Amino acid sequence: MKINLAKHAGFCFGVKRAISIALASSRTGRKVHMLGDIVHNEDVARQIRKTGVKKITRLAPGKGKILLVRAHGAGIRLLEQASCKGYAIVDATCPMVKEIHRIVIDGESQGYKIIVIGDNKHDEVQGIIGHTKNGAIVIESLQNIPWAKLTKIKKAWVVAQSTQNMEKVAKIVAALKPCFRELKFFNTICRPTRVKQQEIKDMPAKNDVMIIIGSKNSANTRRLYEISNPSITALTG
Ligand code: SF4
């Protein structure tokens with residue numbers, strides 16, 4: 001059997017960077033807490049926990065401890081709370097996600113309403129909302145656009161979660177356009193995601209079966225699975 005490995009298979013630079021920051025933190029000799037998993041991959045999260053880094057679900061007294069901010073980022077208020085509790089913050093937020101934070105801060109300061117196309121419960125989306133003062137409207141799908149919430153908005157500033165499906169995002173943006181006097185869309189789907197999505201689109205035509213290896217809790221893995229074809233074999237874990 002011939003196996004064709006996708007040219008861009010493997011971790012993106014943002015995940016590799018977060019892992020290396022986590023490992024470096026674990027070697028400082030200080031207690032390290034991470035709020036949730038550093039990246040959405042069970043194996044990696046397990047390996048990092050083995051180095052002594054503790055996963056927490058809420059902030060503890062942080063004096064003398066490091067708080068590791070995961071690749072998906074975190075909201076400003078949470079970081080302020082962590083500082084108040086005494087944590088030293090080590091930020092492993094992917095630079096591409098930080099760029100989305102910068103864009104939404106900029107949009108809000110110019111009086112635009114922020115709209116995020118993404119999964120409402122995802123850590124990255126929550127971190128993006130956490131960089132707004134007035135909150136954001138999240139649109140998860142074309143079928144679930146919250147039209148009632150949009151009626152009073154004149155100027156919309158739209159970003160996408162970094163791992164969204166470009167085709168889906170384009171359809172949502174097209175549906176939104178006639179609703180606002182002004183709409184600015186920033187294609188914040190990161191380059192590694194775009195490249196992978198393009199490659200995965202082409203592969204089913206050249207292969208009998210597609211196998212997507214990744215974590216079930218990874219938005220990126222799920223998206224690649226959806227794009228390749230819903231009927232393909234997905235090997236997760
Ligand atoms: S934003 Fe893109 S490059 Fe950064 S961690 Fe997420 S998938 Fe990787």
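None of the values given here were measured: they were computed from a predicted structure. Just so you know, ligand 1 is whichever comes first in the structure, and atom 1 is the first atom listed for that ligand.
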Trace of the side chain to side chain contact (heavy atoms under 4.5 Å, CB included) decision for Arg30 with Val90: CA-CA 12 Å; Arg30 294 167 75 175; Val90 171; over 6 Å; no
Atom 2 (Fe) of ligand 1 - nearest protein heavy atom and its distance: Cys190 SG, 2.2 Å
N-O pairing of Lys55 and Asp37 below 4.0 Å: yes
Residue pair Glu199, Lys196: steps toward the salt bridge (Lys or Arg N to Asp or Glu O under 4.0 Å) verdict: CA-CA 5 Å; Glu199 195 179 13; Lys196 280 183 185 172; over 6 Å; no
Ligand-residue contact atoms, ligand 1 with Pro192, heavy atoms, under 4.0 Å: 3 (S)
Ligand 1 atoms in contact with Cys12 (distance to a heavy atom under 4.0 Å): 3 (S), 5 (S), 7 (S), 8 (Fe)
Test applied, side-chain contact (heavy atoms from CB on, under 4.5 Å); reference residue, Ile100; option that passes from Val125, Val159, Thr93, Ile105: Val159
Parallel, tilted or perpendicular, as decided by the 30° and 60° cut-offs, for the rings of Trp157 and Tyr112: tilted
Per-atom contacts of ligand 1 with Phe13, taking only distances under 4.0 Å to non-hydrogen atoms: 3 (S)
Atoms of ligand 1 close to Ser162 [distance to a heavy atom under 4.0 angstrom, numbered from 1]: 1 (S), 6 (Fe)
Whether Cys94 has an N, O or S atom under 2.8 Å from atom 4 (Fe) of ligand 1: yes
